[in-house]
Colleague: 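Quick one: this structure, given as structure tokens, is what I'll be asking you about.
Proteins get letters first, then strands, A, B, ... in listed order; numbering begins at 1 in each.
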2 protein chains.
Amino acid sequence: MGLTKTEFFTQEQNQLAAIFKALAHPARIAILQVLIEKDTCICGDIVEELPLAQPTVSQHLKELKSVGLVKGEIEGTSICYCINQETWSQVKHLVDDLFTALSVNQKCCS
Amino acid sequence: MGLTKTEFFTQEQNQLAAIFKALAHPARIAILQVLIEKDTCICGDIVEELPLAQPTVSQHLKELKSVGLVKGEIEGTSICYCINQETWSQVKHLVDDLFTALSVNQKCCS
DNA sequence: CTGTTTTATCGTAATATTACAATATAAATA
DNA sequence: TATTTATATTGTAATATTACGATAAAACAG
């Protein structure tokens with residue numbers, strides 16, 4: 001018990017859930033917003049913008065990286081983080097499809 | 001420790017995170033898909049479509065209801081569940097805004 | 001009123017997440 | 001090489017999530 005029954009759901013359902021899970025924390029939303037709004041995306045700058053300790057931010061960045069939403073490039077001593085545009089459009093399409101489907105059909109409870 | 005520091009984030013960040021959290025489980029994605037695809041949305045039918053016990057499905061439905069993604073109307077002995085169109089469009093806009101912002105700007109790591 | 005059907009709630013075990021101090025690692029610089 | 005700087009990893013405590021059996025509650029049928 002206590003373990004999600006991943007094997008009983010479709011790949012699409014699991015993939016969508018994994019993406020949403022990565023987005024399901026205000027700190028990770030905040031990190032993504034910082035990456036958009038700031039010219040620079042050095043890890044240290046992200047830490048300064050957030051009300052969390054450095055190891056915690058590092059952990060959140062790791063989760064965003066693990067689903068491909070974000071990537072990091074070594075730049076001397078620092079690491080430059082940014083939105084991973086390659087995977088981002090795929091994610092956007094998956095989410096768009098879900099939301100569009102939900103908006104179009106409505107057959108009961110009206 | 002172990003508790004999300006909600007109070008240090010903006011209302012928008014927390015709201016977005018809460019919505020994504022509700023979507024962050026394959027069973028809840030599956031429930032939403034069933035609500036779209038099936039003519040009927042009686043709770044019992046949802047339970048039959050999913051590989052989970054009735055109390056587990058009931059718990060997932062409760063979470064979807066708590067963020068307003070889904071609503072339920074009593075219909076005799078059963079309950080008719082459906083997508084809550086009123087809150088759905090708000091959610092869609094919030095998510096769209098986030099995704100659009102992320103797609104437009106890209107200033108480094110190129 | 002009694003039994004049936006349908007859904008929700010309670011209790012609880014297993015597992016996952018969140019946060020951070022302490023520490024490790026890796027690159028630049030003195 | 002030793003030191004500094006920037007980030008990652010480890011270990012761990014507190015809390016949350018997931019799943020389901022048992023049971024309650026609510027509506028209907030007889």
Colleague: Taking for each residue the nucleotide of DNA chain D bearing the nearest heavy atom, is the 5' side occupied by A/Gly44 or by A/Thr4?
Modeller: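 Looking at the nearest nucleotide for each, A/Gly44 comes out on the 5' side.
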Colleague: Closest to the A/Cys43 side chain: C/dA19, D/dA8, D/dT18?
Modeller: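 Minimum distance to the A/Cys43 side chain belongs to D/dA8.
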Colleague: Would you mind telling me which of C/dA19, C/dA8, D/dT15 lies closest to the side-chain atoms of B/Leu3?
Modeller: D/dT15
Colleague: One pair to check against side-chain contact (heavy atoms from CB on, under 4.5 Å): B/Gln33 and A/Glu12. What are the steps and the verdict?
Modeller: CA-CA 11 Å; B/Gln33 290 175 333; A/Glu12 189 207 18; 3.5 Å; yes
Colleague: Should B/Thr56 be listed as having a side-chain N or O under 4.0 Å from OP1 or OP2 of D/dC20?
Modeller: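 The answer is yes; a side-chain N or O of B/Thr56 sits under 4.0 Å from OP1 or OP2.
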Colleague: If only side-chain N and O atoms of B/Tyr81 are considered, is one of them under 4.0 Å from the OP1 or OP2 phosphate oxygen of C/dT6?
Modeller: no
Colleague: Nearest to the side chain of B/Ile79, heavy atoms from C-beta on, is which of D/dT18, C/dA22, C/dA8?
Modeller: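 For the B/Ile79 side chain, the nearest candidate turns out to be C/dA8.
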Colleague: Assign B/Ile74 to base, sugar-phosphate, or nothing according to its heavy-atom contacts below 4.0 angstrom with the strands shown.
Modeller: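 The residue B/Ile74 makes no contact with any strand.
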Colleague: In whole angstrom, what separates A/Phe8's CZ from D/dT18's C1'?
Modeller: 14 Å
Colleague: Check if the side chain of B/Gln59 and the base of C/dA8 share a donor-acceptor pair of N or O atoms closer than 3.5 Å.
Modeller: no
Colleague: Quick check on DNA chain C: between B/Pro55 and A/Pro51, whose nearest nucleotide comes earlier from the 5' end?
Modeller: B/Pro55
Colleague: Please test A/Ile42 against A/Ile79 for side-chain contact (heavy atoms from CB on, under 4.5 Å), starting from the C-alpha separation and ending with a verdict.
Modeller: CA-CA 6 Å; A/Ile42 299 298; A/Ile79 295 190; over 6 Å; no
Colleague: Starting from P on C/dC20, measure out to CG on A/Leu50 and report it in whole angstrom.
Modeller: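 One finds 11 Å between P of C/dC20 and CG of A/Leu50, rounded.
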Colleague: Using whole Å, what does the distance between atom C1' of nucleotide D/dA8 and atom CD1 of A/Ile46 come to?
Modeller: 14 Å
Colleague: CD1 of B/Ile29 to CG of A/Leu16: how many Å apart, nearest 0.5 Å?
Modeller: 5.0 Å
Colleague: Ignoring hydrogens and angles, does a donor from either the side chain of A/Gln54 or the base of D/dA6 sit under 3.5 Å from an acceptor on the other?
Modeller: no
Colleague: Select base, sugar-phosphate, or nothing to describe what A/Glu63 touches, counting heavy atoms under 4.0 Å on all strands.
Modeller: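 Sugar-phosphate contact only - A/Glu63 comes under 4.0 Å of backbone atoms but never of a base.
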Colleague: Starting at the 5' end of DNA chain C and moving along, which residue's nearest nucleotide shows up first, A/Ala27 or A/Gly76?
Modeller: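 Its nucleotide being nearer the 5' end, the pick is A/Ala27.
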Colleague: Can you identify which nucleotide, out of C/dA16, C/dT7, C/dT9, has its nearest atom closest to the B/Ile42 side chain?
Modeller: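 My answer, after comparing the listed nucleotides, is C/dT7.
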Colleague: May I have the distance from A/Glu73 (atom CD) to C/dA26 (atom C1'), rounded to whole angstrom?
Modeller: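 Rounded to the whole Å, the gap is 17 Å.
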Colleague: Can you tell me how far apart CD1 (B/Ile19) and CZ (A/Phe20) are? Round to the nearest 0.5 Å.
Modeller: 10.5 Å
Colleague: Under a 4.0 Å threshold between the charged nitrogen and the carboxylate oxygen, would B/Lys21 count as salt-bridged to B/Glu63?
Modeller: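 Looking at B/Lys21 together with B/Glu63, the answer is no, because their closest N to O distance does not fall below 4.0 Å.
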Colleague: What is the distance, to the nearest angstrom, from the CD atom on B/Glu75 to the P atom on D/dA27?
Modeller: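 The distance from CD of B/Glu75 to P of D/dA27 comes to 14 Å, rounded to the nearest Å.
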Colleague: Report the distance from atom CG of B/Leu61 to atom C1' of C/dT9, rounded to the nearest whole Å.
Modeller: 14 Å
Colleague: A/His60 vs A/His25 aromatic rings, parallel, tilted or perpendicular, using cut-offs 30° and 60°?
Modeller: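 Judged by the thresholds at 30° and 60°, the geometry between A/His60 and A/His25 is tilted.
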Colleague: Give a yes/no on whether any side-chain N or O of B/His60 is located under 4.0 angstrom from OP1 or OP2 of D/dT17.
Modeller: no
Colleague: Measure from CG on B/Leu64 to P on D/dT18 and round the result to the nearest Å.
Modeller: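 My rounded result for the distance is 11 Å.
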Colleague: Heavy atoms from C-beta onward define the side chain here; which of C/dT9, D/dA19, C/dT18 lies closest to that of B/Lys62?
Modeller: C/dT9
Colleague: What's the closest nucleotide to the side chain of A/Lys5 if the choices are D/dA8, D/dT18, D/dC20?
Modeller: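 Nearest to the side-chain atoms of A/Lys5, counting from C-beta on, is D/dC20.
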Colleague: Using a 4.0 Å heavy-atom cut-off across all strands, classify A/Thr77 as base, sugar-phosphate, or nothing.
Modeller: base
Colleague: Indicate whether the side chain of B/Thr87 and that of B/Gln90 have a donor and an acceptor atom separated by less than 3.5 Å.
Modeller: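 No pair is found: no donor N or O on one side chain lies under 3.5 Å from an acceptor on the other.
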Colleague: Where the side chain of B/Leu52 is concerned, which of D/dA8, D/dA19, C/dA19 is the nearest nucleotide?
Modeller: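 Of all the options, the side chain of B/Leu52 is nearest to D/dA19.
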Colleague: Are any of B/Ser58's side-chain N or O atoms less than 4.0 Å away from OP1 or OP2 of C/dA8?
Modeller: yes
Colleague: For A/Lys71 and D/dT7, give me the distance from atom NZ to atom P, rounded to whole Å.
Modeller: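 The answer, rounded to whole Å, is 18 Å.
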Colleague: Of the listed nucleotides (D/dA16, D/dT7, C/dT7), which one gets closest to any side-chain atom of B/Lys21?
Modeller: D/dA16
